[in-house]
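Everything on this sheet refers to the single structure shown next.
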2 protein chains.
Amino acid sequence: MIGIGLEVAVEMVGDLVGTTIGAITRLIREQDLMPGDRLPSEAVLAKELQVSRTVVREAFRSLAAMRIIELATGKRATISPIDHGAMSLIIEHGVHTDQINVQQIYDVRRTIETRIVALAALRRTDEEAEEILALAGAMRAAMADPAQLMENDLAFHAALARASRNPVFALIVGAFQGITTQTWPIGWRSRTTAEARELMIATHERIAEAVAAGDPEQASGAMSMHFDDSVLALISAGLS
Amino acid sequence: MIGIGLEVAVEMVGDLVGTTIGAITRLIREQDLMPGDRLPSEAVLAKELQVSRTVVREAFRSLAAMRIIELATGKRATISPIDHGAMSLIIEHGVHTDQINVQQIYDVRRTIETRIVALAALRRTDEEAEEILALAGAMRAAMADPAQLMENDLAFHAALARASRNPVFALIVGAFQGITTQTWPIGWRSRTTAEARELMIATHERIAEAVAAGDPEQASGAMSMHFDDSVLALISAGLS
DNA sequence: AACAAGAACCTGTCATACAGGATGATCGGA
DNA sequence: TCCGATCATCCTGTATGACAGGTTCTTGTT
């Protein structure tokens with residue numbers, strides 16, 4: 001193929017659905033639509049863009065898959081608040097097709113979450129500090145119930161991300177949630193001794209306390225230790 | 001609403017398309033399909049899942065939007081290699097709806113990319129080192145041509161991400177590419193003096209040299225400086 | 001002014017149709 | 001036997017029409 005520098009983005013000629021997706025996102029941009037705002041009905045868009053309702057529907061489905069809009073029976077499509085659902089599925093797909101391994105995800109999480117706790121220590125509100133401490137406490141209380149423990153663990157990391165006051169951090173942490181629910185039990189089961197399990201809980205408590213105390217170095221250090229421990233647990237379980 | 005802890009994931013009852021998406025992803029998982037492998041035809045899936053072809057098509061479109069599968073006229077749907085296209089659109093949507101601001105994206109990029117260059121310095125192959133140096137050189141050569149300069153800049157950061165040998169890092173860097181193409185010119189125009197522009201190029205060269213020399217601290221430091229400079233440029237341009 | 005009933009609108013799903021691209025089987029020739 | 005061209009077949013992209021059920025707005029009543 002002769003190298004032509006031109007790149008056609010989402011809208012390839014001949015792909016009506018792609019073109020329509022482009023038209024709709026342009027509409028959102030130009031009309032400055034905000035989350036909750038309603039889009040025109042499928043019929044109106046179809047007439048306006050000179051395509052069949054089929055095409056508009058497939059474009060809507062595409063945007064809904066990326067959580068850019070929300071669909072519901074009878075109602076008109078609305079603009080979505082940002083949500084990590086789609087990213088979660090993308091990551092899961094990468095892992096299930098062996099394009100990403102769990103270790104690599106943990107490396108990225110470590111990078112991001114050590115930064116998150118440092119920011120959280122500096123920026124958290126008192127309510128957030130309380131919530132984070134409470135979740136660490138809930139983890140200890142749920143030590144005998146892995147499912148509950150995992151849920152609290154995920155909520156703990158999500159709360160930290162929110163306290164960092166940067167929605168992009170929260171989005172990325174959320175993106176790893178899907179695959180984490182699938183690998184977390186492996187890590188937990190590989191911690192066979194009471195000491196190993198106690199250590200994991202205690203580390204979370206240390207993180208929570210450092211964030212509550214407003215100490216970014218301590219928080220980062222504890223989070224880093226948490227990841228050392230977790231990666232080790234996964235490796236010892238034989239996870240590539 | 002009474003707090004029910006149960007969360008229904010993608011597949012809500014009554015939503016045939018959602019159910020079908022679930023069935024297809026399960027199929028991918030259970031049959032261990034790899035990128036390039038072909039899925040059953042729409043007609044076959046429709047019959048097997050007892051739904052109309054319409055529903056299968058909308059499910060396919062959803063998966064294609066997330067770049068989990070690839071569609072093409074006449075051909076059967078195939079499994080996709082991981083790709084940041086969908087994430088790019090999600091981020092752009094977040095920015096355009098004021099749910100994310102550019103500063104927050106740069107904070108995340110700084111966190112990630114300072115780590116990326118450290119890893120790249122340790123792991124890059126000689127070919128990658130050459131490529132990275134070449135791209136820095138190309139940036140200097142294109143100083144008079146902003147469009148070309150930007151393209152080289154993006155390619156530079158992408159090459160570093162690849163050299164980190166962690167596809168998740170590459171994925172995240174790619175996710176910011178879409179919005180970056182929209183904000184980059186603002187930052188460049190705000191560098192009004194020849195010195196400011198020279199500094200930006202020189203910083204990229206320092207990063208490239210540190211990575212080529214295998215010096216992670218130097219590389220991280222230079223990257224951090226690059227982001228200090230970039231954030232300042234954007235702020236001085238009035239970008240929230 | 002509050003409210004309730006009904007009309008009008010909208011989405012979810014299905015069936016059918018057809019143009020044009022892709023693929024594989026078949027058959028003739030070397 | 002092997003290669004290559006041809007063509008039937010399969011497959012996707014798009015359009016149209018239909019209908020069930022959910023939502024919203026209007027209108028008329030109290």
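Heavy atoms only: backbone and side chains are in, while hydrogens, waters and symmetry mates are out. Just so we're on the same page: letters track the sequence lines, and every chain starts at 1. On a predicted model such as this, the values are computed, not experimentally measured, just so you know.
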Rounded to whole Å, please give me the gap between NZ in A:K75 and C1' in C:dC9. 15 Å

B:E113 vs B:F227 side-chain heavy atoms within contact, under 4.5 Å: yes

Between atom CG in A:D15 and atom C1' in D:dT14, what is the gap in whole Å? 11 Å

With B:M223, which of B:V211, B:L160, B:I112 fulfils side chain to side chain contact (heavy atoms under 4.5 Å, CB included)? B:L160

Under a 4.0 Å threshold between the charged nitrogen and the carboxylate oxygen, would A:E128 count as salt-bridged to A:R162? no

Figure out the CD/P separation between A:E70 and C:dG12, and round it to whole Å. 12 Å

Roughly how far, to the nearest 0.5 Å, is the OG1 atom of A:T183 from the CD atom of A:Q103? 12.0 Å

Within residues 38-61 of chain B, residues whose heavy atoms come under 4.0 Å of DNA chain D: B:S41, B:E42, B:R53, B:R57, B:R61

Under 3.5 Å, side chain of A:S88 to main-chain N/O of A:G174, donor-acceptor pair present? yes

Return the value, rounded to whole Å, for the distance between atom CG of B:L16 and atom P of D:dG21. 13 Å

Lys/Arg cation over aromatic B:Y106: B:R109, 6.0 Å, 45° cone: yes

